[in-house]
Peer 1: 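Pasting a structure below so you can have a look.
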Amino acid sequence: MSCERPLSYLEVEMDRVLSSELALHAGERVRLAGWMHRIRRLGSGMVFVHLRDRSGICQIVVEAPEAIASLDGLLAESVIEVEGMVAVEPQAAGGFEIHNPTFIVLSAVTDALPFPINKPVINAHLDTFLDHAMVGLRAPSKQAIFRLSAAAAHGFREALDAQGFTEVTTPKIIGTASESGANVFAIDYFGRQAYLAQSPQFYKQIMVGVFERVYEIGPVFRAEPHQTVRHLNEYVSLDAEMGFIKDHTTVMAVLMDVIRGMLSYMAGHCSRELELLHVGMPLAPEVFPHVYFPDAQQWIYEHKGEDCRGEPDLAPQHEKWIGEWAKEVHDSDFVFVTGYPMVKRPFYTAPNPKDPRYSNSFDLLFRGTELVTGGQRLNRFDDYARALEARGMTQDAVAGYLETFRFGMPPHGGFAIGLERFVMQLVGLTNLREAALFPRDMERLQP
RNA sequence: GGGGUCGUGGUGUAGCUGGUCUAACACGCUGGCCUGUCACGCCGGAGACCACGGGUUCAAAUCCCGUCGAUCCCGCCA
C-alpha cells in the first residue's frame with residue numbers, strides 16, 4: 001500500500017499564472033490554463049488564441065507550425081494548458097501577451113456551441129439562452145451578473161456582521177403550510193405531507209429569541225402561478241430580523257445601512273463587472289425618502305389623476321410613479337412606502353398604534369420596483385392570539401411558533417430583500433430570469 | 001387564473017395584402033487567401049421541405065381552424 005502525500009493547493013497552483021497576472025511576469029516563461037475563448041486563424045502561420053480563466057482573458061500568439069498544428073480542429077471552449085513567454089506588446093489588450101507557446105489540450109471541443117458566447121452581445125433569446133445556460137453562463141457578460149450577485153450577498157453579510165447579527169440557516173422542508181397556505185409547494189416526505197418553505201419568517205423570529213439579531217441567505221419557494229418578468233417560483237431571499245427595536249423605523253435604519261453596505265462592497269470589488277455591464281451606481285442618500293401609504297395614494301390622485309385612495313395596495317404602475325417622484329424630488333433611486341394597510345399584511349404584523357388600520361410595516365422600492373418588505377412584528381402572545389382569531393386561524397397550526405412568544409420576546413422586526421430583484425434593478429435587466437443562474441418558473445424546471 | 005403577441009438552417013432576423021421562395025441576410029460551422037487579429041477582412045461551401053395537424057385554393061412560409069411551444073401585460077408578490 002502506498003501512502004503518497006497529496007499535493008497541497010499551493011503546490012498545484014504554484015506554477016500556474018492567471019491571465020490577469022501577466023504584468024508580474026514580463027519576460028518570464030509561464031504556464032496558464034483555461035478555456036479557448038476565441039481562436040483566430042490568420043493565414044500562413046499566424047494564429048491568435050484568447051485564453052479565458054477565472055481572472056479574465058489574455059492573448060496568445062502562435063507562429064510555430066508545430067504549435068499551430070497542435071490546435072488543429074479545436075473549437076471555442078476547448079480547455080487548454082499553455083506554456084509560453086510573457087511579452088510586452090502595446091498592440092495587445094492589457095499590454096501583454098504570450099509568445100512562443102506550447103499547448104496541452106485538456107479537453108477538446110469539436111462541436112460548435114449552441115450560440116457564440118465570445119461576442120460582446122449574446123445573440124440568443126432568453127428561452128434559448130436558458131436552455132443552454134450551462135455553457136451560456138460562461139460568457140463574460142453573464143459571468144459579470146453573477147459576480148455582482150455574489151458581491152451583493154457578501155456586502156449584505158458584511159454589513160450585518162458589523163452590527164452584531166448572527167448568520168443562521170433554517171429548514172426549507174417544513175411540516176405545516178403556515179403563513180399563507182395557498183402559495184406553498186407540497187412534497188412527499190417519507191409518506192407524510194410536507195412543504196417547501198416560502199419564507200424563513202417564523203424561524204428567523206424564533207431565532208431573535210436566541211441571538212437578538214439574525215440573518216439568513218437562502219432560497220424561498222412560492223407556488224404562485226405568475227408569469228411576469230419580475231417573478232420566480234424559487235428565488236434567493238436576504239432575510240434579517242432583530243430584537244429590541246423602537247418600531248419599524250429602527251428596521252428601516254438598519255436596512256438603509258445594509259443597502260449602502262451592499263452597494264459599496266460592489267463598487268469596491270466589482271469595478272470590472274460594473275464597467276462591462278455599463279452599470280452606474282444608484283443614488284442612495286444618507287436617508288432614503290419615505291412616504292406614508294395613504295399619502296402616496298393621495299399624491300397619485302393629485303398628480304397622476306388616478307384615484308386609488310382606499311385601495312389596500314399599490315399597483316406596479318403606482319410604484320413606478322412613486323419611484324419617479326423619489327428620483328426627481330429627492331435624488332434617490334430608493335424610496336420607502338410605510339404603513340401598508342393591515343388587511344394586506346400577514347397576521348404577525350404590528351399595527352400602527354396611532355391608527356390600527358395601518359401597519360408598522362414598509363416596502364422599499366428600488367427604481368420603481370418592490371425590492372424589500374419589512375416591518376415590526378407582534379411580540380406578545382396575547383396579541384398573536386387575537387390576531388389569529390381575527391383572521392379565523394387556529395393556534396394549533398402555528399403552535400411551535402407561538403411557544404416563542406409565550407416565553408418572552410422583545411419588540412422586534414426585520415426585512416427580506418429579493419436578491420435577484422436587487423441585481424435586476426441594479427444592472428437594468430429586463431427579465432428577472434437573467435439574474436438567476438437556473439431560474440424556476442411555471443414552465444421551466446431544466447436545466 | 002384572464003388578455004395580447006409570436007413560432008422560418010445551430011443562433012438572431014427578413015419574407016407573411018398567396019404566384020420564378022428552387023426561401024434571403026447576419027453570427028456560427030466549413031474549404032481557400034491574408035504575419036497583428038482582438039465583433040478582423042476577402043472569395044467559396046454545407047446547413048431550414050418555414051413548430052405540428054387539418055382546411056381554403058389551380059397554387060400556402062404567407063389566409064382560416066386546432067394543438068403544442070415561447071413571450072409580454074394584468075392579478076399576486078420579493
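Here is how names work: the chains are called A, B, and so on, in the same order as the sequence lines, proteins then strands, and each is numbered from 1.
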Peer 1: At 4.0 Å (heavy atoms only), tell me whether A/Asp441 reaches a base, stays on the sugar-phosphate, or touches nothing.
Peer 2: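 The answer is nothing, as A/Asp441 stays clear of every strand by at least 4.0 Å.
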Peer 1: Roughly, in whole Å, what's the span from CZ in A/Arg52 to P in B/C38?
Peer 2: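 So the two atoms are 20 Å apart, to the nearest Å.
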Peer 1: For A/Leu432, report the nucleic acid contact type (base, sugar-phosphate, nothing); a contact means any heavy atom under 4.0 Å.
Peer 2: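 Base, at least one base atom sits under 4.0 Å.
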Peer 1: Using the closest heavy atom to pick a nucleotide of RNA chain B for each, name whichever of A/Gly45 or A/Leu364 lands nearer the 5' end.
Peer 2: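 The answer here is A/Gly45.
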Peer 1: Taking any heavy-atom pair under 4.0 Å as a contact, classify A/Glu420: base, sugar-phosphate, or nothing.
Peer 2: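 Nothing, no nucleic acid heavy atom in range.
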Peer 1: Determine the interatomic distance between C1' on B/A70 and the same-named atom on B/C49; round to the nearest Å.
Peer 2: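 Result for the C1' pair: 23 Å, nearest Å.
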Peer 1: For residues A/Thr170 and A/Glu216, is any side-chain donor paired with an opposing acceptor at under 3.5 Å?
Peer 2: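 Side chains of A/Thr170 and A/Glu216: pair found under 3.5 Å.
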Peer 1: Answer yes or no: does a side-chain N or O of A/Arg230 lie under 4.0 Å from OP1 or OP2 of B/C74?
Peer 2: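 Yes, because at least one side-chain N or O of A/Arg230 sits under 4.0 Å from OP1 or OP2 of B/C74.
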Peer 1: Please determine, for the side chain of A/Pro116, which listed nucleotide (B/C27, B/G12, B/C72) has the closest atom?
Peer 2: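 Within the option list, the nearest is B/C27.
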Peer 1: Which part of the nucleic acid does A/Val121 contact within heavy-atom distance under 4.0 Å: base, sugar-phosphate only, or nothing?
Peer 2: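 Nothing: the residue A/Val121, judged by heavy atoms under 4.0 Å, touches no strand.
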Peer 1: Do A/Val291 and A/Phe336 come close enough that some side-chain heavy atom pair is under 4.5 Å?
Peer 2: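 The answer is no, as the side chains (C-beta and beyond) never meet within the 4.5 Å cut-off.
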Peer 1: Would you please confirm or rule out a distance under 4.0 Å between OP1 or OP2 of B/C40 and any side-chain N or O of A/Arg40?
Peer 2: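 Checking B/C40 against A/Arg40, a side-chain N or O does come within under 4.0 Å of OP1 or OP2.
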Peer 1: Take a 6.0 Å sphere around OH of A/Tyr301 and say whether it holds more than 12 heavy atoms from other residues, nucleotides or ligands.
Peer 2: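 Open: at most 12 neighbouring heavy atoms sit under 6.0 Å from OH of A/Tyr301.
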Peer 1: If the cut-off is 4.0 Å, is A/Asn233 near the phosphate of B/C77, judged by side-chain N/O to OP1 or OP2?
Peer 2: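 No, A/Asn233 has no side-chain N/O under 4.0 Å of OP1/OP2 on B/C77.
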Peer 1: Could you work out the separation of B/G32 and B/G10 based on their P atoms and round it to a whole Å?
Peer 2: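 Pairwise P distance, B/G32 against B/G10, rounds to 25 Å.
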Peer 1: Between A/Arg230 and A/Glu370, does any NZ, NE, NH1 or NH2 come within less than 4.0 Å of an OD or OE carboxylate oxygen?
Peer 2: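 Not counted as a salt bridge, because no side-chain N and carboxylate O are separated by less than 4.0 Å.
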Peer 1: Could a donor-acceptor pair under 3.5 angstrom be found where the side chain of A/His226 meets the base of B/C77?
Peer 2: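 Checked by distance alone, the answer is no.
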Peer 1: Measure CD1/A/Ile117 against P/B/C29 and give the value in whole Å, please.
Peer 2: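 So the CD1-P distance, A/Ile117 to B/C29, works out to 12 Å.
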Peer 1: Just checking A/Thr369: base, sugar-phosphate only, or nothing, at a heavy-atom cut-off of under 4.0 Å?
Peer 2: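 Here A/Thr369 touches no strand at all.
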Peer 1: Can you see whether A/Glu89 engages A/His99 through a side-chain donor-acceptor pair at a distance of less than 3.5 angstrom?
Peer 2: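 Checked: A/Glu89/A/His99 side chains show no N/O donor-acceptor pair below 3.5 Å.
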Peer 1: Among the nucleotides B/G36, B/G75, B/U11, which one has an atom lying closest to any side-chain atom of A/Pro316?
Peer 2: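 So the nucleotide nearest the side chain must be B/G75.
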Peer 1: Could you walk me through whether A/Phe185 and A/Phe221 pass the ring-ring contact (aromatic ring centres under 6.0 Å, His included) check?
Peer 2: CA-CA 7 Å; A/Phe185 289 106; A/Phe221 306 90; 7.1 Å; no
Peer 1: Please confirm whether any donor atom in the side chain of A/Glu63 sits under 3.5 Å from an acceptor in the base of B/G36, or the reverse.
Peer 2: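 Answer no: no donor N or O sits under 3.5 Å from an acceptor.
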Peer 1: Is the phosphate of B/G12 approached by A/Thr128 (side-chain N or O, under 4.0 Å from OP1 or OP2)?
Peer 2: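 For B/G12, OP1 or OP2 has a side-chain N or O of A/Thr128 closer than 4.0 Å.
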Peer 1: For B/U37, does the base pair up with any side-chain atom of A/Gln59 as donor and acceptor (N or O, under 3.5 Å, distance only)?
Peer 2: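 Side chain to base: pair present.
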Peer 1: Report which part of the nucleic acid A/Glu97 touches: base, sugar-phosphate, or nothing (heavy-atom distance under 4.0 Å, all strands).
Peer 2: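 It contacts base atoms.
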Peer 1: Report yes if at least one side-chain N or O of A/Thr373 is closer than 4.0 Å to OP1 or OP2 of B/A78; otherwise report no.
Peer 2: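 Affirmative; the distance criterion is met.
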Peer 1: Is NZ or CZ of A/Lys142 both nearer than 6.0 Å to the six-membered ring centre of A/Phe129 and within 45° of the ring axis?
Peer 2: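 Geometry flag: set, cation within 6.0 Å and 45°.
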Peer 1: Taking only the side-chain nitrogens and oxygens of A/His125, find out if one of them lies under 4.0 Å from OP1 or OP2 of B/U13.
Peer 2: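 Checking A/His125 against B/U13: at least one side-chain N or O falls below 4.0 Å of OP1 or OP2.
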Peer 1: From B/A78, B/C40, B/G36, pick the nucleotide closest to the side chain of A/Lys119?
Peer 2: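 Within the option list, the nearest is B/C40.
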Peer 1: Of all the choices, B/A70, B/A78, B/G28, which nucleotide is nearest to the side chain of A/Arg222 once you look at every atom?
Peer 2: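 Nearest to the side chain of A/Arg222 among the choices is B/A78.
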Peer 1: Using a cut-off of 4.0 Å on non-hydrogen atoms, how would the nucleic acid contact of A/Leu42 be classed: base, sugar-phosphate, or nothing?
Peer 2: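 Base: the residue A/Leu42, judged by heavy atoms under 4.0 Å, touches a nucleobase.
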Peer 1: Need one value for A/Ala76: base, sugar-phosphate or nothing, where a base atom within 4.0 Å counts as base even if backbone is also close, heavy atoms only.
Peer 2: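 No contact.
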Peer 1: How is A/Asp111 classified with respect to the nucleic acid when contacts are heavy atoms under 4.0 Å: base, sugar-phosphate, or nothing?
Peer 2: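 A/Asp111: no heavy atom of the nucleic acid under 4.0 Å.
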Peer 1: Starting the side chain at C-beta, find the nucleotide from B/C40, B/C77, B/G36 nearest to A/Val61.
Peer 2: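 Shortest atom-to-atom distance from the side chain points to B/G36.
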Peer 1: Nearest to the side chain of A/Phe115, which nucleotide is it out of B/U11, B/A78, B/C72?
Peer 2: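 Among the listed nucleotides, the one closest to the side chain of A/Phe115 is B/U11.
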Peer 1: Where the side chain of A/Thr228 is defined as all heavy atoms beyond and including C-beta, which of B/C73, B/U37, B/C77 is the nearest nucleotide?
Peer 2: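 Taking heavy atoms from C-beta onward, the closest nucleotide is B/C73.
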